[in-house]
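One structure is given here, and the rest of the page talks about it.
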Protein chains: 2
Amino acid sequence: MEHGQEQSRSWDQELRSRGYRVTPQRQLVLEAVAALDHATPEEIAASVQRTAKGVNISTIYRTLELLDGLGLVAHTHLNHGAPTYHLATEAGHVHLVCQDCGKIEEASRETITPLTQALDDRHGFEVNVSHLTVFGRCHDCRSKTDE
Amino acid sequence: MEHGQEQSRSWDQELRSRGYRVTPQRQLVLEAVAALDHATPEEIAASVQRTAKGVNISTIYRTLELLDGLGLVAHTHLNHGAPTYHLATEAGHVHLVCQDCGKIEEASRETITPLTQALDDRHGFEVNVSHLTVFGRCHDCRSKTDE
DNA sequence: TTACGTGCAAAGTCTTTGCAACCAT
DNA sequence: ATGGTTGCAAAGACTTTGCACGTAA
């Protein structure tokens with residue numbers, strides 16, 4: 001994918017133009033987020049250990065906070081534990097988390113446009129889709145309980 | 001409100017019928033959840049201190065977990081910190097959390113029926129509405145940024 | 001009476017912070 | 001050169017757990 005090149009250039013500039021520095025740690029974290037998708041800070045740290053000598057966990061947290069603030073990555077809370085991070089560019093979907101079996105599905109952006117539209121119309125509220133997680137019961141678990 | 005009586009009776013039985021005991025601590029916690037609405041475990045603990053000699057924080061956690069499991073209360077994550085609890089019976093709304101100013105609005109259940117409907121139709125997924133929190137930017141913050 | 005429930009304290013998980021050394025610009 | 005960044009270690013916020021005592025049923 002020649003795609004990686006393009007993106008590299010763009011976030012480099014995004015950082016520098018705002019006065020932040022481009023460091024190897026930040027590159028590694030961003031790569032890990034892209035590669036793993038839906039990874040927790042710990043998982044990102046573990047992933048980065050394999051590649052380089054490692055990035056300190058507190059640097060991971062600081063970097064994720066920065067990238068999140070810049071809109072390069074986004075996070076969502078899929079369970080009671082740590083949040084998971086993903087690239088903002090691949091944020092065009094919503095997570096459906098089953099509270100019975102824990103399975104995580106994805107729903108397309110179109111599925112929720114009625115919601116975003118309604119909230120905009122009725123509350124003037126602009127939904128952050130990449131941060132949206134919907135809890136409930138999945139198809140399989142509903143069948144089992146037979147209800 | 002003669003309403004309180006009714007509810008008292010019903011959750012009493014709900015507990016007993018499932019083999020759990022009705023204790024003063026559980027009553028106090030449930031009352032606090034009802035009175036505070038959207039309260040964190042710490043806030044519930046603080047509220048209960050005023051009334052009685054106090055309920056230990058670990059009992060608060062254990063009680064909330066129990067009541068949540070029984071479907072008497074529900075929780076949602078309004079921010080990065082502790083979750084907030086509310087009565088399951090007053091769960092007929094969704095929270096809109098502004099990521100700029102932190103303001104929390106509520107949207108009626110009707111506003112999101114298109115979503116729940118779509119997820120049911122397309123994924124067979126049953127949405128847990130009382131657990132749903134939508135992040136984004138509120139009307140005021142959008143105006144300020146003038147966009 | 002007899003488990004279930006509670007308080008207490010200790011431990012666990014996840015995250016933030018202070019500070020000296022470091023390095024991208 | 002110089003101020004943003006990092007690593008490290010300690011502290012913090014939030015939650016869970018083990019165990020002896022207390023109490024609802």
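Each chain gets a letter, A, B and so on, in the order the sequences are listed, and its residues count up from 1. Quick caveat, the model's predicted, so the values are computed rather than measured.
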By nearest-nucleotide position on DNA chain C, the 5'-leaning member of Arg21(A) and Arg21(B) is Arg21(B)
So does Lys144(A) pair up with Asp140(A), basic N to acidic O under 4.0 Å?
no
Starting from P on dT16(D), measure out to CD on Glu65(B) and report it in whole angstrom.
6 Å
Any side-chain N or O of Asn56(B) under 4.0 Å from OP1/OP2 of dC8(C)?
yes
Assert: residue with more 5' nearest nucleotide on DNA chain D, out of Thr23(A) and Pro24(B), is Thr23(A)
What is the distance, to the nearest angstrom, from the NE2 atom on His77(A) to the C1' atom on dT15(D)?
16 Å
Checking dG7(C), dG7(D), dT15(C) against the side chain of Gln25(A) (C-beta onward), the nearest is dG7(D)
Whole-Å distance, Asp68(B) CG to dT16(D) P, equals 11 Å
If you define the side chain from C-beta out and look only at heavy atoms, does anything of Pro83(B) sit under 4.5 Å from Thr40(B)?
no
Under-3.5 Å donor-acceptor pair between Ser58(A) side chain and dC8(D) base
yes
Pairwise 5' ranking along DNA chain D for Glu42(B) and Val22(B), keeping only the more 5' one:
Glu42(B)
Please tell me which of the listed nucleotides, dT15(C), dT15(D), dT5(D), lies nearest to the side chain of Pro41(B)?
dT15(D)
Once you round it to whole Å, what is the distance between P of dT6(D) and CG of Leu15(A)?
10 Å
Which class fits the ring pair His86(B) and His93(B): parallel under 30°, tilted 30 to 60°, perpendicular over 60°?
tilted
Quick check on dT16(C): is either OP1 or OP2 less than 4.0 Å from any side-chain nitrogen or oxygen of Tyr61(A)?
no
Nearest whole Å is fine: how far is dA25(D) P from Arg18(B) CZ?
17 Å
Have a look at Thr40(A) and say if it touches a base, only the backbone sugar-phosphate, or nothing, with a 4.0 Å heavy-atom cut-off.
nothing
Of all the nucleotides listed (dC14(D), dA25(D), dG5(C)), which has the minimum atom distance to the side chain of Arg26(B)?
dG5(C)
Just how far, in rounded Å, is P of dA13(D) from NE2 of His80(B)?
17 Å
Of all heavy-atom pairs between His139(A) and Ser143(A), which one has the smallest distance, and what is that distance?
O-OG, 2.8 Å
Could you give the CG-to-P distance, from Leu64(B) to dC14(D), as a whole number of Å?
15 Å
Under 4.0 angstrom, heavy atoms only, what part of the nucleic acid is Arg62(A) near: base, sugar-phosphate, or nothing?
base
Single-linkage hydrophobic cluster, 4.5 Å side-chain cutoff, Val129(B) and Leu96(B) together
yes
OH of Tyr20(B) versus P of dT6(C): gap in Å, rounded?
12 Å
Between Thr59(B) and Pro83(A), the residue closer to the 5' end of DNA chain C by nearest nucleotide is Thr59(B)
